[in-house]
Protein chains: 2
Amino acid sequence: MQVTPELLSRFTLLKPLPREALEHLAPHAALARYGRRAVVLEAGAREDRICFLFEGRLQGVGFTIDGREVGLYFVEPGDFCGELALFDDNPQPEFVIATTAASVVFVARNPLREVMLQNSSVSNVVGRKLAERVRQMTVQRTLLGLSNVPQRVCGQLYLLINEARRKDDSGEIVNPPTHKEIAIMLNLSRETVTRVFQALQSRRIIRRDGPGRLIVADLASLRHFAEGEEEL
Amino acid sequence: MQVTPELLSRFTLLKPLPREALEHLAPHAALARYGRRAVVLEAGAREDRICFLFEGRLQGVGFTIDGREVGLYFVEPGDFCGELALFDDNPQPEFVIATTAASVVFVARNPLREVMLQNSSVSNVVGRKLAERVRQMTVQRTLLGLSNVPQRVCGQLYLLINEARRKDDSGEIVNPPTHKEIAIMLNLSRETVTRVFQALQSRRIIRRDGPGRLIVADLASLRHFAEGEEEL
DNA sequence: CATCTATTGTGACTCCGGTCACGTCAAATT
DNA sequence: AATTTGACGTGACCGGAGTCACAATAGATG
């Protein structure tokens with residue numbers, strides 16, 4: 001499907017690009033839709049395109065030798081993934097899977113790489129974004145160091161809100177990940193996540209609102225638990 | 001202390017640089033020595049220099065809210081750290097600590113950034129290196145997904161050998177990390193790591209050789225355990 | 001509407017790694 | 001040489017998360 005420069009400019013990464021660069025990229029971009037659980041990027045493959053998420057939610061997923069799933073990161077609308085292909089020709093290290101129905105824009109690697117190299121301000125943006133991902137991974141890894149498991153879950157929830165947008169004292173997460181998807185991010189079993197969610201719901205800290213919305217009613221309390229100032 | 005272009009060119013990152021670039025950088029470089037446990041880079045600080053490790057071993061370390069140490073990565077001689085400062089002005093996300101006495105070369109951020117931007121082949125190299133770090137973190141995170149703990153330790157040992165150099169069927173690790181330093185990489189207690197090491201030693205798979213050398217006598221067996229084909 | 005499938009909810013049991021409390025040992029420091 | 005320090009070694013105990021099994025939903029799908 002045809003992609004317009006306007007569509008491309010709606011992504012924060014591409015927004016600062018000059019008009020001409022966007023027009024150069026548009027012919028090499030394509031829109032795609034995926035159903036829940038579909039594989040968007042394949043691990044081990046030499047992907048020749050970068051994936052920009054328009055709507056839905058993606059998750060980077062790895063697999064241990066014994067077949068256990070490992071959650072690496074979530075991709076929120078407006079963000080992108082598979083950007084390692086811009087830097088070298090090594091294969092994509094992890095799978096990227098749609099956790100909900102999702103629509104994405106693929107941009108071919110080489111044209112984007114050209115734009116990046118020609119325009120130094122652009123390579124700055126891409127580099128910054130990659131650096132940001134490293135920071136994100138560092139935070140996520142640090143979460144795993146928490147020995148108190150409910151604390152870990154609260155911390156993850158808190159991160160999820162920040163990745164979306166956070167209002168004053170409450171937040172909502174659209175297309176929230178399933179318990180299992182959260183569990184693999186935190187090296188926990190699905191049941192444990194369920195139990196923590198139950199505890200949070202009974203304390204009116206979180207609440208489900210229909211199918212695709214999770215509402216954090218009491219963000220302050222959530223942060224308390226995430227920071228270990230109070231035990232669940 | 002004064003640093004020569006020759007010294008700089010001994011680092012794999014800087015090796016491909018043209019002579020003139022190295023001469024441009026040399027005046028902005030300084031050699032430094034650190035004792036064991038010294039802090040080389042400070043978390044939260046806006047470090048204005050990149051750290052190249054000449055000899056010794058460094059470890060990236062984070063801290064959880066409850067004060068627990070989290071091991072993020074090891075830095076081997078020839079490698080570097082603190083490179084995020086090349087991409088943006090955000091603070092260094094984690095501490096970097098010398099796990100052994102170490103000598104490092106600091107290169108000021110701005111001159112290196114200039115060299116990187118002027119010479120597109122250089123920014124390629126730096127970008128590749130950052131991408132490689134993301135892959136490394138992904139592998140490390142995947143290790144944590146293993147439910148079998150001895151397997152996790154063997155996998156880490158195997159990574160440590162690869163980061164150094166690996167010979168046919170045995171390898172050695174100079175300046176091996178302490179049990180505690182390995183433990184925080186794997187979300188384990190120091191005692192657990194000790195017990196696994198004991199098991200590996202009694203099976204003649206690993207062996208200590210003096211203070212600063214750990215010898216992997218049977219690399220094939222180590223890999224077996226790392227891949228879960230045999231249980232410890 | 002009926003059926004099927006995936007997600008969520010919940011209890012019981014087990015086990016294994018953390019914690020604690022030591023002891024040992026080697027290396028650095030005085 | 002004596003002392004101190006930090007790393008390594010090891011046992012006993014215990015708690016808590018994984019696992020298993022199953023029920024109850026809720027969404028998809030025909």
Side-chain angles (χ1 to χ4, degrees), chain A residues 34-38 57 59 64 66-71 97-101 144-154 156 175-202 206-214 231-232, chain B residues 35-38 57 59 64 66-71 97-101 144-154 156 173 175-202 206-214 231-232:
Chain A
Y34 288 94
R36 176 162 176 63
R37 300 214 140 243
R57 184 189 297 274
Q59 183 177 31
T64 62
D66 56 344
R68 197 176 293 261
E69 278 185 297
V70 175
I97 290 170
T99 68
T100 70
L144 294 185
L146 289 170
S147 52
N148 186 310
V149 163
Q151 197 178 347
R152 227 145 83 191
V153 177
C154 293
Q156 181 75 63
N175 294 325
T178 66
H179 295 177
K180 189 186 168 219
E181 284 152 5
I182 293 176
I184 61 175
M185 296 287 292
L186 299 172
N187 259 12
L188 297 174
S189 71
R190 192 269 312 168
E191 291 90 333
T192 299
V193 174
T194 297
R195 285 185 244 265
V196 174
F197 268 64
Q198 285 302 104
L200 289 173
Q201 275 173 5
S202 72
I206 65 175
R207 160 169 51 94
R208 296 202 73 96
D209 179 36
R213 283 178 50 175
L214 179 70
E231 294 251 338
L232 249 185
Chain B
R36 175 162 176 63
R37 302 216 136 242
R57 184 189 298 273
Q59 183 177 31
T64 61
D66 56 344
R68 199 175 291 261
E69 277 184 298
V70 175
I97 290 172
T99 69
T100 70
L144 293 185
L146 289 170
S147 52
N148 184 311
V149 164
Q151 196 178 350
R152 227 146 80 188
V153 177
C154 292
Q156 180 75 64
I173 302 175
N175 294 325
T178 66
H179 293 179
K180 191 188 168 215
E181 283 152 5
I182 293 176
I184 61 175
M185 295 286 291
L186 299 172
N187 260 12
L188 297 174
S189 70
R190 193 267 312 165
E191 291 89 332
T192 299
V193 174
T194 297
R195 285 185 243 266
V196 175
F197 268 63
Q198 285 303 104
L200 289 174
Q201 275 172 4
S202 71
I206 65 174
R207 161 169 51 95
R208 296 203 73 97
D209 180 38
R213 283 177 50 175
L214 178 69
E231 293 252 338
L232 249 183

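Chain identifiers are assigned alphabetically (A, B, ...) following the order of the sequence lines, protein sequences preceding nucleic acid strands; residue numbering begins at 1 within each chain.
- Separating the CZ atom of A:Arg207 from the P atom of C:dT8 is a distance of 18 Å, rounded to the nearest angstrom.
- Side chain of A:Thr100 to main chain of A:Arg57: a donor-acceptor pair is present (N/O by atom type, distance under 3.5 Å, no hydrogens or angles).
- A:Leu144 has its CG atom 17 Å from the P atom of C:dG17, to the nearest Å.
- Here the side chain of B:Gln59 pairs a donor or acceptor atom with the backbone of B:Glu181 at under 3.5 angstrom.
- Atom CZ of A:Arg195 is separated from atom C1' of C:dC13 by 12 Å (rounded to the nearest Å).
- In this structure, the side chains of A:Arg152 and A:Leu188 come closer than 4.5 Å at one or more pairs of heavy atoms.
- Using a 4.5 Å cut-off on side-chain heavy atoms (C-beta onward), A:Leu232 and A:Leu200 make contact.
- Within 3.5 Å, no donor on the side chain of A:Arg208 pairs with an acceptor on the base of C:dT7, nor the reverse.
- A residue-by-residue look at B:Pro150 and A:Arg37 shows that A:Arg37 has its nearest nucleotide of DNA chain C further toward the 5' end.
- A:Arg208 has its side chain within reach of A:Gln201: a pair of non-hydrogen atoms, C-beta onward, lies under 4.5 Å apart.
- Using modelled atom types, one side-chain atom of A:Asn187 and one backbone atom of B:Leu144 make a donor-acceptor pair closer than 3.5 Å.
- The shortest distance between side-chain heavy atoms of B:Gln156 and B:Met185 falls below 4.5 Å.
- Side chains of A:Ile184 and A:Val70 form no contact here, defined as non-hydrogen atoms less than 4.5 Å apart.
- If you check residues 179-193 of chain A against DNA chain C, the residues with a heavy atom closer than 4.0 Å are A:His179, A:Arg190, A:Glu191, listed by number.
- Nucleotide C:dG17 holds its C1' atom 15 Å from the CG atom of B:Leu146, rounded to whole Å.
- Look at CD on B:Gln151: it is 15 Å from C1' on C:dC16, rounded to the nearest Å.
- Proximity of B:Glu231 to B:Gln151: side-chain heavy atoms (C-beta onward) are nowhere separated by under 4.5 Å.
- Of all heavy-atom pairs spanning B:Ile182 and B:Pro177, the tightest one is CG1-CB, 3.9 Å.
- Nucleotide C:dT8 holds its C1' atom 10 Å from the CD atom of A:Gln201, rounded to whole Å.
- Residue contacts shown for B:Arg68 are limited to sugar-phosphate atoms, with no base heavy atom under 4.0 Å away.
- The footprint of chain A on DNA chain D, defined by a heavy-atom cutoff below 4.0 Å, extends from D:dA17 to D:dG27.
- Distances shown here put every side-chain N or O of A:Gln198 at or beyond 4.0 Å from the OP1 or OP2 atom of C:dT8.
- If you run side-chain contact (heavy atoms from CB on, under 4.5 Å) between A:Val153 and each of A:Asn148, A:Thr192, A:Val196, only A:Val196 comes through.
- Between the C1' atom of C:dG9 and the CG atom of A:Leu200 lies a distance of 15 Å, rounded to the nearest Å.
- With axes fitted over five pairs at each extremity, the angle between the ends of the helix from C:dC1-D:dG30 to C:dT30-D:dA1 is 50° (10° resolution).
- Of the charged side-chain nitrogens involved, at least one lies within less than 4.0 Å of a carboxylate oxygen, so that A:Glu69 and A:Lys180 count as a salt-bridged pair.
- Counting non-hydrogen atoms under 4.0 angstrom, A:Arg152 reaches nothing in the nucleic acid.
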